[in-house]
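Structure first, then comments.
Keep in mind the model is a prediction, meaning the values are calculated, not measured. So you know, we letter chains A, B, ... as the sequences are listed, proteins then strands, and number each from 1. As a basis for the values below, the full set of heavy atoms in this structure was taken, side chains included, without hydrogen atoms, waters or symmetry mates.
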Protein chains: 2
Amino acid sequence: MNEPLRLLLVDDHPVVRRGLRAMFDERSDMLVVAEAGDGRAALDALADTSVDVVLMDLRMGSGTDGVTATGRITALPDPPAVLVLTVYDTDADILAAVEAGATGYMLKDSPPEQLAQAVRSAARGETALGPNVAARLFERLRGPEEALSPREVEILRMLGQGLSNRALSRELFISEATVKTHLVHIFDKLGVDNRTAAITTAIQRGIIRPTP
Amino acid sequence: MNEPLRLLLVDDHPVVRRGLRAMFDERSDMLVVAEAGDGRAALDALADTSVDVVLMDLRMGSGTDGVTATGRITALPDPPAVLVLTVYDTDADILAAVEAGATGYMLKDSPPEQLAQAVRSAARGETALGPNVAARLFERLRGPEEALSPREVEILRMLGQGLSNRALSRELFISEATVKTHLVHIFDKLGVDNRTAAITTAIQRGIIRPTP
DNA sequence: CGGGGCATCAATCGTTCGATTGACTTTCGC
DNA sequence: GCGAAAGTCAATCGAACGATTGATGCCCCG
């Protein structure tokens, strides 16, 4: 097969798209056939462009995010492979991307040759994982994390603002005993035994954001 | 003046450097004269290359970080202007960069024309601030945050793992009373009144990272 | 030299936390 | 219909937290 791999670049950063295009333009076995600034634009591009591999950023400032777009792309008939590219990730990001059907996950600071190699692997349907990503996936598969209920996430968010159980109960119009019960469940699911560790773990896993 | 602005690109992401170079190569009033993957390499490049504007990433995976490098560059005799470029920032990042002497601060998702404009402003010695950055600087100037001592930061880091005061005192070989004293100071400086809020605030400000 | 900052320490006390045990109601899927 | 999950609630009790007051010692700088 001597036809170049047709690539679609999806990233909200013009600089990054430009850099990727320049890099792949130098490779005779690869051809950038389209670019998109968010997931929606990526899906639009796929409607009238044949693509072998999509290079997808997970975090976009606005528009359809990378995980949702990945899910939709891989649900297409005869979908292209999706190689996720990102700067930094939380455990939740990695898992979400893999569950959405991405066949590869690389960090943006990977050297150009590694990136090109990952693109080729993805085109062949092989999994391409950047450093550390494989290890974290294995860890996740070994001990799958239990999902928190919506109520539990809501309580976690408020907990991070430093509210006492009593203040929480007032804000949510429930009893303090109920707050405590939810906390017991939250601690169990996160594998911690106090609120402070719960907050740190939740932020690290991307369950909540650090907004005081 | 018809000579092009001489630019030095400093970023640990090859993709980003490549994209920036491609963008500036198109502008007749700008010339990329060097690239560097970290702050140290940037200083080396400046030793034998004349540069008008340095485009500096703040976060590098390894090597000398952007803030330190900015400080050293602006301490040079007849230094080039430093325009900081980053993806995401914490309050501490912004303040550190400005205090280190940067004359501009832009987010990487800025459109190419805005970036070019910021480079021209920096070259003229004018301040170039991206969206939201100015507002946050004003907020900081209104109520400057107190810096935590190294010991306080150390204690904050361990606090985030959920350690009780007693466990902390054991790990640090100090009394529990000392731990409590440090915490009182930490709470005062962060403007909070309990450990949980302290952790959230510290993570948000970039003082510590969420590593459970 | 004196003051400020940092690190260290003690004791007291009221409040809050977390574990525990037990229970009830509603909804959904098998 | 039954069981599981989610949400709700109560009471008890020991441990831990945070505020407070007060103190000492060291180092650095004006």
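Taking atom CG on A:Leu159 and atom P on C:dT16, their separation rounds to 15 Å, with Å as the unit. Protein atom CD of A:Glu176 is 8 Å distant from nucleotide atom P of C:dT16, rounded to whole Å. Straight-line distance from the CD atom of A:Glu152 to the P atom of D:dA6: 7 Å, rounded to whole Å. One can place CZ of A:Arg166 at 15 Å from P of D:dC9, the figure rounded to the nearest angstrom. If you measure from atom CG of A:Leu168 to atom C1' of D:dT8, you get 15 Å, rounded to the nearest angstrom. Rounded to whole Å, atom P of C:dA7 lies 8 Å from atom NZ of B:Lys189. Atom CD in B:Glu154 sits about 15 Å away from atom P in C:dC6, given to the nearest Å. To the nearest angstrom, C1' of C:dC6 lies 15 Å from CG of B:Leu172.
Annotation: side chain of B:Leu55 is not in contact with side chain of B:Asp11 (no heavy-atom distance under 4.5 Å). At least one side-chain heavy atom of A:Ile73 sits under 4.5 Å from a side-chain heavy atom of A:Pro80. Using a 4.5 Å cut-off on side-chain heavy atoms (C-beta onward), B:Leu115 and B:Val119 make no contact. Using a 4.5 Å heavy-atom cutoff, the side chains of B:Leu83 and B:Tyr105 are not in contact.
Across all their heavy atoms, A:Leu156 and A:Ala202 have their closest contact at CD1-CB, 3.7 Å. Here the closest heavy-atom approach between residue B:Gly162 and residue A:Asn194 is recorded as O-ND2, 2.8 Å.
Looking at residues two or more places apart in sequence or on another chain, you find no side chain to side chain donor-acceptor pair (under 3.5 Å) involving A:Ser164. Taking B:Thr181 as the reference, B:His185 meet the side-chain contact (heavy atoms from CB on, under 4.5 Å) condition, with sequence neighbours excluded. Residues forming a salt bridge (Lys or Arg N to Asp or Glu O under 4.0 Å) with B:Glu126 (at least two apart in sequence, or on another chain): B:Arg124. A search for salt bridge (Lys or Arg N to Asp or Glu O under 4.0 Å) contacts involving A:Glu35 returns A:Arg17, A:Arg21, not counting sequence neighbours. Evaluation of the salt bridge (Lys or Arg N to Asp or Glu O under 4.0 Å) rule for A:Glu171 yields no partner, not counting sequence neighbours. The salt bridge (Lys or Arg N to Asp or Glu O under 4.0 Å) check on A:Arg195 picks up nothing, with sequence neighbours excluded.
Within the 4.0 Å cut-off from OP1 or OP2 of C:dG18, at least one side-chain nitrogen or oxygen of A:Arg195 is found. For C:dA10, one of the phosphate oxygens OP1 or OP2 lies less than 4.0 angstrom from a side-chain nitrogen or oxygen of B:Ser175. Between A:Asn165 and C:dC17 there is a side-chain N or O to OP1 or OP2 distance below 4.0 Å. Residue B:Arg151 places at least one side-chain N or O closer than 4.0 Å to OP1 or OP2 of C:dT8.
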N/O donor to acceptor pairs below 3.5 angstrom from side-chain atoms of residues 42-53 of chain B, sequence neighbours left out:
unit_1, atom_1, unit_2, atom_2, d
B:Thr49, OG1, B:Ala45, O, 3.0
B:Asp52, OD1, B:Arg6, NH2, 3.0
B:Asp52, OD2, B:Arg6, N, 2.8
B:Asp52, OD2, B:Arg6, NE, 3.1

Tabulated below should be each protein N or O lying under 3.5 Å from an N or O of nucleotides 25-30 of chain D; please produce it.
none

Expected rows: protein N/O vs nucleotides 26-30 of chain C N/O, under 3.5 Å:
none

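Using five terminal pairs a side, the axes of the helix from C:dC1-D:dG30 to C:dC30-D:dG1 at its two ends make an angle of 50°, given in steps of 10 degrees.
Here the nucleotide nearest the side chain of B:Ile174, chosen from C:dC6, D:dG7, C:dC9, is C:dC9. Distance from the side chain of A:Asn194 is smallest to C:dG18 among C:dC6, D:dA6, C:dG18.
Listed by residue number, A:Lys180, A:Val184, A:Phe187 are the residues of residues 177-188 of chain A with a heavy-atom contact under 4.0 Å to DNA chain C.
Residue pairs that meet the salt bridge (charged side-chain N to carboxylate O under 4.0 Å, His left out) test with at least one member in residues 147-167 of chain B, sequence neighbours left out, are B:Arg151-B:Glu154, B:Glu152-B:Lys189.
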